[in-house]
J.: 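I am attaching a structure below and will ask some questions about it afterwards.
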Amino acid sequence: MSIKIDSLGDWKRTHYCGELRKSHCEKEVILFGWVSRIRDLGNLVFIDLRDREGIVQVVFTSENKQLIDRAKKIKMEYVLGIKGKVQRREEKSMNRELPTGEIEVLAKELKILNISQTTPFVISDPPQASEELRFKYRYLDLRRPSLQRNIKLRHQIALKIRNFMAKKGFLEIETPFLSKSTPEGARDYLVPSRIYKGKFYALPQSPQLFKQILMISGFDKYFQIVRCFRDEDLRADRQPEFTQIDIEMSFIDPEDIYNLIEEMMKEVFDVINYSIKTPFKKIPYNESIEKYGTDRPDLRNKIEIINITDLAKDSEVEIFKKVIASGGEVRGIVVREGIGFSRKELDELGERARTLGGKGIIWIKRDETGFKSPLKIKEDFFLKLWEYMNAKMGDLILLVADEKFLTLKILGELRNLVGKKTDSKDYRFVWITDFPLFEWSEEENRIISNHHPFTAPKEEDLKYLETDPLRVRSKAYDLVINGIEIGGGSIRINNIELQERIFKILGLNEKEIKDKFGFFLEALKYGAPPHGGIALGFDRLVMILAGEDSIREVIPFPKTTSALCLLTGSPSEVAQKQIEELGLELKKPQNK
RNA sequence: GGGGUCGUAGUUCAGUCGGUUAGAACGCCGGCCUGUCACGCCGGAGGUCGCGAGUUCGAGUCUCGUCGGCCCCGCCA
């Protein structure tokens, strides 16, 4: 039995389903939406109609026999137009769960504007389908109220930021997507050139050089909410294409950036009615590593890492002596009231330490009966340890002995794992400052930029640039919220000689420098103003504000962790003709 | 590139030690029902156990490979 599809005719929506309240009572309304639930009681049919603003109950009664007969043919996800009257529900049949639950719409006319196949999963919040299926049918997934809310929130935040930046005198200026591949940093997404066979554009990892060039052009205050592309492996908070709030300013120092961003964050968090205190805490990189074992600490977590190497070297513990003798360290954390950790949980923490490259962990518990630990030594050391680490009865101490940075990394991770039960509605902002300018790359066996090669060194460290480069600190800063790196930036080098010195230290030869950055070095010669900026991860920011754990929940059309778009089926093969046009040849015949 | 984990009805899952006809809930189809709101009640249909090899008298179950989802390490200036 086929259903007649109605035409829209001259119907115009008067209200969104989700906006109706008791103040609309007695009003005639026209609604459009999707059927989200049907409750057919025979001579009484209820339909929950959903649009982007919410859900409202539409009721069909047997007073209008023709109408209710047609209503009985309605199925899930049909597209309906309803003309009806808003009426107050009786006290006992109100739905307190629903914002529209005090009223309902008594249908007078019905238009079935389209039918729908049975959906591959029921559209419900929270979702009852795998992410795989949700991504394949993302248009259905996106009908879920929580995703509608996230996408709306994303818009509101973007709008807030645009208005804020405009108010502060910034210009939103676009930069090219088809641009130049440069060494350093992430792997580029490449776009082959048809006109110049064998040559490639690269999609931008960020508009870094363009925004610096805009400073040289005198635009002074630039921003852009812009897509960036990095061909690296994915994570819960990483997508191959993501959106950045990109900012650059001239004639500024880091304080100007801090002030601007702190004020922006105030406005942004206002969207979720969360008021934040400024200025944000600032922690130098080295201190953050020593205390938290990471450069993106979650400050909701009170645990700090304590160095007990001095204490451990006089202990009778062989493993400590061995590690210290070979230049390693012993450090630990105190887990308050940690006595309740089970053997299984402790084993899991040890396993985690091993996956990070460590040998494991040592744990010590203390209660009224004494100490418990796999370490079978005299109580003497434990007593000293408890005093030194300021631990109490009922606490758990976790120790790691290894090479310094591995020790810190493992304890940083343990700190996150054991301190997890923190308030999720609380937001802790911190600036991490004074990053090292360079780091040593084991893989490439050379010095590489920690941030990027255009980052300015701190003046007082310039003297070590050639002699002890790893000691040089930079004018770089990261913004971290609840352990999530939300953005980073720096004051840039605007002096050609210094820039060339940096490239030399990075081991780039003259030709490479000229080929890859020649255009930029040239620009630096024509009155480049002092400048600096920052880039904030927009998706991550929205994720935090939406209270989501995955960036995919705030991106309308995300990719899977293997960089597939399940909706469109990309990446996909292309016609041989297209490949030939680009002057390309595939190495292996595609077998899929 | 590496590790972990998952893949069974449209969906979410259960499936014992390798054994006979692979189950449940929701959804779907048919029927009843005037105040439901995850409506309820009665009945029904629905399975390439991801795919491919192998072991075995016999494989959803064991082995290997492969594809895919998720998490992590490396990577992500």
Side-chain angles (χ1 to χ4, degrees), chain A residues 1 36-49 55-63 68 72 75-77 89-98 100-101 104 106 117-137 140 182-188 205-206 208-209 228-240 242 348 351-358 409 413 417 435 437-439 441-444 447-455 474 476 485 488-490 502 506 535 537 549-550 552 559-562 564 566 591-592:
Chain A
M1 169 178 51
S36 107
R37 279 282 163 191
I38 303 157
R39 290 177 294 278
D40 183 347
L41 276 64
N43 281 316
L44 187 67
V45 175
F46 297 101
I47 284 181
D48 287 345
L49 197 65
I55 286 171
V56 72
Q57 173 168 287
V58 178
V59 59
F60 297 84
T61 67
S62 53
E63 315 250 305
I68 196 169
K72 280 174 168 295
K75 299 191 189 306
M76 299 272 267
E77 300 306 323
R89 300 199 203 174
E90 277 182 45
E91 200 66 34
K92 65 177 191 329
S93 60
M94 284 181 181
N95 184 346
R96 306 288 169 190
E97 306 289 303
L98 229 53
T100 59
E104 66 192 357
L106 177 66
Q117 287 190 10
T118 302
T119 52
F121 54 90
V122 179
I123 297 168
S124 66
D125 239 334
Q128 285 165 40
S130 66
E131 227 178 355
E132 191 174 359
L133 200 65
R134 289 171 46 205
F135 284 2
K136 185 173 174 195
Y137 297 95
L140 299 178
T182 53
E184 309 282 305
R187 191 178 296 114
D188 287 316
Q205 297 174 28
S206 87
Q208 185 60 35
L209 291 177
C228 300
F229 306 85
R230 294 177 191 177
D231 189 2
E232 297 292 349
D233 289 333
L234 286 74
R235 287 287 189 285
D237 62 354
R238 260 161 43 187
Q239 283 273 304
F242 61 99
E348 279 166 5
E351 186 51 41
R352 181 68 187 152
R354 277 185 290 278
T355 65
L356 292 173
K409 183 178 164 185
E413 175 66 10
L417 293 176
F435 279 82
L437 186 62
F438 302 113
E439 60 186 315
S441 166
E442 291 291 342
E443 193 188 337
E444 298 183 50
I447 279 178
I448 58 171
S449 287
N450 186 342
H451 193 55
H452 58 57
F454 319 106
T455 304
S474 68
E485 185 195 327
S490 64
I502 301 286
L506 291 171
D549 291 324
S550 166
R552 297 186 292 269
K559 294 190 171 51
T560 67
T561 48
S562 52
L564 294 174
L566 296 178
N591 40 25
K592 261 207 71 201

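Naming convention: chains lettered A, B, ... in sequence-line order (proteins, then strands); numbering from 1 in each chain. The structure displayed is predicted, hence computed values, not measured ones. Note: hydrogens, waters and symmetry copies are ignored here, and every other heavy atom, side chains too, is used.
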J.: Rounded to whole angstrom, note down the P distance from B/rA45 over to B/rG10.
T.: 15 Å

J.: List for me each residue that meets salt bridge (charged side-chain N to carboxylate O under 4.0 Å, His left out) alongside A/Arg552, sequence neighbours excluded, and say none if there are none.
T.: A/Glu131

J.: Can you list everything that forms a salt bridge (charged side-chain N to carboxylate O under 4.0 Å, His left out) with A/Glu351? Sequence neighbours excluded, please.
T.: A/Arg354

J.: Heavy atoms under 4.0 Å is the rule here; annotate nucleotides 31-43 of chain B 5' to 3' with B where the base is hit, S where only the sugar-phosphate is, and - elsewhere.
T.: --BBBBBSB----

J.: Ignoring backbone atoms, test whether A/Thr560 places a side-chain nitrogen or oxygen under 4.0 Å from the OP1 or OP2 oxygen of B/rG69.
T.: yes

J.: With a cut-off of less than 4.0 Å, is there a side-chain N or O of A/Arg552 near OP1 or OP2 of B/rC71?
T.: yes

J.: Indicate whether OP1 or OP2 belonging to B/rC29 is found under 4.0 Å from a side-chain N or O atom of A/Lys75.
T.: yes

J.: Can you tell me if the side-chain N/O atoms of A/Ser130 get under 4.0 Å from OP1 or OP2 in B/rU12?
T.: yes

J.: Please name all residues satisfying salt bridge (charged side-chain N to carboxylate O under 4.0 Å, His left out) with A/Glu91, sequence neighbours left out, ordered by chain then number.
T.: A/Arg96

J.: Identify, with sequence neighbours excluded, every residue that meets salt bridge (charged side-chain N to carboxylate O under 4.0 Å, His left out) alongside A/Asp237.
T.: A/Arg540

J.: Looking at A/Arg238 and B/rC76, is any side-chain donor or acceptor paired with a base atom of the opposite kind under 3.5 Å?
T.: yes

J.: Find the partner of B/rC70: check Watson-Crick (N1-N3 plus N6-O4 or O6-N4) and G-U wobble (N1-O2, O6-N3) distances, both under 3.5 Å, and reply none if neither fits.
T.: B/rG4

J.: Could you list the residues that satisfy ring-ring contact (aromatic ring centres under 6.0 Å, His included) with A/Phe121, not counting sequence neighbours?
T.: none

